[in-house]
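Below is one structure, written out as structure tokens; the observations come after it.
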Number of protein chains: 2
Amino acid sequence: MSEKRLEQMIGKLKNKGYRITPQRLAVLNILAESTEHPDVEKIYIQVKKNFPTTSMATVYKTIVVMKEIGEVIEIAFSDGSSRYDGNKPYPHPHLICTKCKNILDPDLDSLKNMTEELVNETGFMIQSHRLDFFGICPECQKKMNLEK
Amino acid sequence: MSEKRLEQMIGKLKNKGYRITPQRLAVLNILAESTEHPDVEKIYIQVKKNFPTTSMATVYKTIVVMKEIGEVIEIAFSDGSSRYDGNKPYPHPHLICTKCKNILDPDLDSLKNMTEELVNETGFMIQSHRLDFFGICPECQKKMNLEK
DNA sequence: CTGCATGCAAATAGTTTGCATGACG
DNA sequence: CGTCATGCAAACTATTTGCATGCAG
């Protein structure tokens, strides 16, 4: 499944004339496999396990390339941090726990209707969107109750 | 109308024990009046017109305070830039033109339903959200057609 | 082989902080 | 008057860039 995803990413890279290096592959692997929307730090740590010489710069450069060719999306937060998603590199809703920082991808079909409504009302040509919900996940709610 | 908004902001500041300085007032004025979601730069330029000695640091510090007391929201984008809204300092949808960078506040009542749906499905306790649509506004669409 | 990718270090940009001075309450 | 805010400059942090070397194609 995410095996396929990795193939897709590699294919697109080759198509665009980029080279497939071991470091890039390692970064792609994490971006393709991970459904947890990792940040740069996390990717870097992971990549170093297999490729100890890898530099932060390479991780950043790889992400820039992947964003450019539309195979990775960035989710930037107001605190300056960013998380990345190469598993579903298209706009989709996020459900973010402000306690444990986990990010889920809920299904929200009604979003399509909302977009259509917006087009009709405003005349905008919609290109993409961003929908994040912030809250406390059930697990963290339990923990908070126990602490009291 | 936004006169009232300014009063609100001032009141909250006083309540929390913060002082009302001319520089803060100037920043608050812009944040309260403006429906265009200005960035720090824009606020700074405006404030300098009336208070030439004002520093960037003061603008930043004022924004930090206003965010803390919930009277201003920040909209951070993936390119690192941020825009601020003191006119409607609560979560609401944005409609952003990627050409001219204008930001509108559309009405989308169905968002409430969406949130309820989410709570039922996931058990999350929702605290806030962020909903941005990116596209081309009607004016920019016209310009693009003329250029062809 | 040729040129793009790597990785180190230096540069950058936006934001934050420390501190002496000034002014709100 | 005491304390907090200002404004300058320095510090900081995350990201980007330049360049010599390495390696993919």
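Convention: sequence-line order gives letters A, B, ...; per-chain numbering from 1. Source: prediction; values computed, not measured.
The CG-P distance, from A:Leu25 to C:dT6, rounds to 10 Å in whole Å. Taking atom NZ on A:Lys61 and atom C1' on D:dA14, their separation rounds to 15 Å, with Å as the unit. What separates NZ of A:Lys16 from P of C:dA5 is a distance of 14 Å, to the nearest Å. A straight line from CZ of A:Phe51 to C1' of C:dC8 spans 18 Å, rounded to a whole angstrom. Atoms NZ (A:Lys14) and P (C:dC4) sit 18 Å apart, rounded to a whole Å. Atom CD in B:Glu68 sits about 11 Å away from atom P in C:dT16, given to the nearest Å. The nearest whole Å value for the distance from the CD1 atom in A:Ile63 to the P atom in C:dA5 is 16 Å. Rounded to an integer number of Å, the gap from CD1 of B:Ile20 to C1' of D:dT3 is 15 Å.
Judged by distance alone, with hydrogens and angles left aside, the side-chain atoms of A:Thr54 form no donor-acceptor pair with the main-chain N or O of A:Lys48 at under 3.5 Å. Looking only at distances, no side-chain donor or acceptor of B:Asp132 sits under 3.5 Å from a matching main-chain atom of A:His129. Checking side-chain atoms of B:Lys88 against main-chain N and O of B:Asp85 turns up no donor-acceptor pair under 3.5 Å.
For A:Tyr18, taking side-chain heavy atoms from C-beta onward, the closest of the listed nucleotides C:dA5, C:dG7, C:dT16 is C:dA5. Closest contact between the side chain of B:Ala57 and the listed nucleotides C:dT15, D:dT6, D:dG7 involves D:dG7. The side chain of B:Arg19 has C:dA23 as its nearest neighbour among C:dA23, C:dT6, D:dC8.
The phosphate of D:dG7 (OP1 or OP2) has a side-chain N or O of B:Gln23 nearer than 4.0 angstrom. Within the structure, a side-chain polar atom (N or O) of A:Thr53 is placed less than 4.0 Å from OP1 or OP2 of C:dG7. Side-chain nitrogen and oxygen atoms of B:Thr21 include none within less than 4.0 Å of the OP1 or OP2 phosphate oxygen of D:dA5.
Residue contacts shown for B:Pro52 are absent, as no nucleic acid heavy atom lies under 4.0 Å away. Across all strands shown, A:Ser82 has no heavy atoms under 4.0 Å from either base or sugar-phosphate atoms.
A:Thr62 and A:Gln23 form no side-chain donor-acceptor contact under 3.5 Å, judged by distance and modelled atom types alone.
Nucleotides of DNA chain C nearest to A:Thr58 and B:Ser81 differ in position, and the one nearer the 5' end is that of A:Thr58.
A salt bridge does not link B:Lys112 to B:Glu117: none of the charged nitrogens lies less than 4.0 Å from a carboxylate oxygen.
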